[in-house]
Amino acid sequence: MLDIAFIRDNPELVKQGMLQKGEKKTELIDQVLELDSSWRKSTHLLDELRSKSNATSKMIGSLMKEGKKEEAESARKETAALKEQIKELETEEQTLLEKRNELLLYIPNVPHPSVPVGKSDADNLVHATWGELLPKSWRRPHWDIISEMGWIDFDRGSKVTGAGFPFYIGAGARLQRALINFFLDEAVQAGYTEIQPPYFVNEDSARGTGQIPDKEDMMYTVPRDGFFAIPTAEVPVTNYFRKEIIQEAELPVKMAAYTPCWRREAGSYGKDVRGLNRLHQFDKVELVKFVHPETSYSELESLRQDAENLLQKLGLSYRTLLMCTGDMGFTQTKKYDLEVWSPGQERWLEVSSCSNFESFQARRMMVRYKDKNGAVSILHTLNGSGLALPRVVAAILETYQQEDGRVRVPEVLKPYINREYL
RNA sequence: GGAGAGAUGGCAGAGCGGUCGAAUGCGUCGGUCUUGAAAACCGAAGACUCGCAAGGGUCCGGGGGUUCGAAUCCCUCUCUCUCCGCCA
């Protein structure tokens, strides 16, 4: 969420940011500011009354000590009305604050000035393209390769769980494991600490990273225990430091986590869900950074570079998009997407998304850092996939397939899959 | 799942109804001393929030209650530890 003080000082800027993200309800800002000013009035009055009440309590205490019973007694009687007033005001003040903070959750983060203004994915900027775009020609889409080789079984997955929960078998499973290890090893090499987080989180964590209330429907829930199955490792990992203060010297903190991810993906259909293009359960290595506010944009660039390196080493062609304001999402100020080339489908597939959240998540989570002078401030968080497996698998199969049907093992995976062909 | 104990500042750990935002130790920071460091000594440090400021207010796991007044008493929830049961 945004800093209320920032909204007070820059209401127009925040409104403009909302409009650029395609969020038209800018009256939200006026409502928040109105609630805020009533709350402040209420708090002010309440504090005065409390101050008075504290003073008389103190006085009663010392009167008792001096043995002035009658005076203490009469002072005590006077507090009755005051107490009543305080109690009333307390509920009013609390209600106002709760309402204000609730609305605050619905105000999106403000895009960074370097982000192109636009409405949809058509307005995204192609930031860079790497590698040659193999033509389809004789190449087949990955789902054909998969079913012919028996590497992934969608039908049995549907039987056992439901659509979008596949089984990986033999070389298919082996490839998954190889990629996970490769991604993690590369991340550790790049200075990230390997983390294994919980796969379920509670409601506070889901709110901390912004899944609630914005993307609540994307998550699978465990109602009996109040848990959410994580849609990405971002959620547990970013919440790692919730309500904590980190020493400035510790920054930046970089973490890499492999987890399965669960997403309900309601409303998807057609070619988008064909094969490995979109699943309800998939594997991903996620990179998360906690950084000093001054460095968050350079950290975003290096995060993107870390993710790009993986694709380059795998020998996959890809492009990097700088997402426009309208296609960016609620919590980010700036975001790059990496899309890998799928020669069998002749289309781009998103395999990574690298974002800067500035203080948006950290403020919700109260993650702060303390500088040398002892001053405490909110830090910045970032994350990016490094990488999401299924579409990488799709691209590998389609890129490395031979005309005879076999699939070569990418050079960098050979330490993990000790053979020439899958 | 059953029984008991506990939750206090970065950590350890006092406090058991008023002067406690909280002793003490360690750690941290600043200074003295030193060529430099260590040791020793002296000193400084919680967070949030309202206010231009002066100055208020809130916070001793969360929520509620008793009281003029709660870290201290009561209820409740969560978590941690010990024992038993169960188990990868």
Side-chain angles (χ1 to χ4, degrees), chain A residues 1-9 32-105 196-208 222-228 236 239-251 253 260 290 359 361-379:
Chain A
M1 77 190 165
L2 293 173
D3 186 358
I4 182 67
F6 181 80
I7 301 175
R8 277 178 207 144
D9 296 341
V32 163
L33 289 177
E34 211 176 294
L35 280 167
D36 181 55
S37 87
S38 327
W39 169 72
R40 282 197 284 173
K41 272 179 208 146
S42 176
T43 302
H44 190 72
L45 184 55
L46 181 61
D47 286 354
E48 262 174 16
L49 294 179
R50 275 175 174 158
S51 173
K52 219 181 279 177
S53 153
N54 287 344
T56 33
S57 284
K58 232 168 233 178
M59 195 182 73
I60 290 170
S62 52
L63 284 175
M64 299 277 268
K65 221 169 218 175
E66 291 164 32
K68 297 176 181 165
K69 280 241 161 162
E70 298 91 75
E71 288 176 51
E73 200 54 44
S74 70
R76 183 184 298 184
K77 276 177 189 144
E78 279 172 32
T79 60
L82 197 57
K83 272 190 70 176
E84 194 70 22
Q85 246 184 319
I86 288 176
K87 214 165 191 178
E88 249 174 68
L89 248 171
E90 264 175 354
T91 46
E92 182 190 307
E93 183 260 1
Q94 230 176 38
T95 314
L96 285 168
L97 185 64
E98 273 166 24
K99 273 191 191 160
R100 185 199 79 178
N101 289 345
E102 170 71 14
L103 285 191
L104 229 35
L105 293 179
Q196 265 197 27
Y199 298 162
F200 296 91
V201 293
N202 58 31
E203 193 178 327
D204 285 344
S205 297
R207 184 173 290 106
V222 185
R224 184 165 171 181
D225 300 289
F227 294 157
F228 296 86
N239 273 280
Y240 182 84
F241 286 123
R242 179 145 48 88
K243 292 184 181 170
E244 293 190 35
I245 298 173
I246 303 169
Q247 294 303 317
E248 186 179 26
E250 310 280 320
L251 301 179
V253 176
F290 303 85
S359 58
Q361 294 182 325
R363 184 168 297 104
R364 286 188 183 202
M365 294 186 294
M366 288 294 281
V367 185
R368 293 166 291 172
Y369 71 95
K370 185 178 259 181
D371 68 20
K372 294 180 210 76
N373 307 316
V376 174
S377 334
I378 310 270
L379 50 70

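We use all heavy atoms of the structure for the numbers below, so side chains are in, but hydrogens, waters and symmetry mates are not. The sequence lines fix the lettering, A, B, ..., with proteins before strands; numbering per chain opens at 1.
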Residue list, salt bridge (Lys or Arg N to Asp or Glu O under 4.0 Å) with A:K68, at least two apart or on another chain: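 For A:K68 the salt bridge (Lys or Arg N to Asp or Glu O under 4.0 Å) partners, ignoring immediate neighbours, are A:E66.
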
For [N] versus [M], give the span between their [atom1] atoms, rounded off to a whole number of Å.
N     : M     : atom1 : result
B:G15 : B:G85 : C1'   : 38 Å
B:A44 : B:G9  : C1'   : 16 Å
B:A47 : B:C60 : C1'   : 12 Å

Restricting to side-chain hydrogen bond (donor to acceptor under 3.5 Å, both in side chains), what partner residues turn up for [X], sequence neighbours left out?
X      : result
A:R368 : none
A:R364 : none
A:E34  : none
A:E203 : A:R207

Note: A:K41-A:E92 ion pair, threshold 4.0 Å (strictly below):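 Result for this pair is no, no salt bridge flagged.
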
Side chain to side chain contact (heavy atoms under 4.5 Å, CB included) against A:D36, all qualifying residues, sequence neighbours excluded: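 Only A:I4, A:R8, A:W39, A:R40, A:R100 meet the side chain to side chain contact (heavy atoms under 4.5 Å, CB included) criterion with A:D36.
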
Gap between atoms CD and C1', on A:Q94 and B:G57 respectively (whole Å):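 From A:Q94 CD to B:G57 C1': 14 Å.
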
For atom OH of A:Y369 and atom P of B:G10, their distance in whole Å: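 Between P of B:G10 and OH of A:Y369: 18 Å.
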
Base-pairing assignment for B:U24 (Watson-Crick or G-U wobble, both under 3.5 Å):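 WC or wobble partner is B:A12.
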
Base partner of B:G1, which must satisfy Watson-Crick or wobble distances under 3.5 Å: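 Check on B:G1: paired to B:C84, both distances under 3.5 Å.
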
Every protein N/O within reach of nucleotides 74-81 of chain B N/O, cut-off under 3.5 Å:
none

Pair listing, side chain to side chain donor-acceptor pair (under 3.5 Å) test, anchored in residues 239-251 of chain A, at least two apart: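 Of all non-adjacent pairs touching residues 239-251 of chain A, those that pass side chain to side chain donor-acceptor pair (under 3.5 Å) are A:S205-A:R242, A:N239-A:R242, A:E248-A:H292.
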
Chi-angle category of B:A45 [syn within 90° of 0, anti beyond]: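 Syn.
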
N/O donor-acceptor pairs under 3.5 Å from side chains in residues 74-85 of chain A, not counting sequence neighbours:
residue, atom, partner, partner atom, Å
A:S74, OG, A:E71, O, 3.0
A:T79, OG1, A:R76, O, 2.5

Identify the pairs formed between an N or O of the protein and an N or O of nucleotides 66-70 of chain B at a distance under 3.5 Å, and give each distance.
residue, atom, partner, partner atom, Å
B:C68, O2', A:S57, OG, 3.0
B:G69, O4', A:S57, OG, 3.3

Contact summary for A:L89 and A:S42, nearest pair of heavy atoms: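 Smallest interatomic distance, heavy atoms only, reads CD2-OG, 3.5 Å.
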
Under 4.0 angstrom between A:N54 side-chain N/O and B:U58 OP1 or OP2: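 Answer yes for this pair, as a side-chain N or O of A:N54 is under 4.0 Å from OP1 or OP2.
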
Contacting residues from residues 201-208 of chain A, given that a heavy atom lies under 4.0 angstrom of RNA chain B: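 Listed by number, there are none.
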
Base versus backbone protein contacts along nucleotides 45-50 of chain B [heavy-atom cut-off under 4.0 Å; B, S, -]: --SSSS

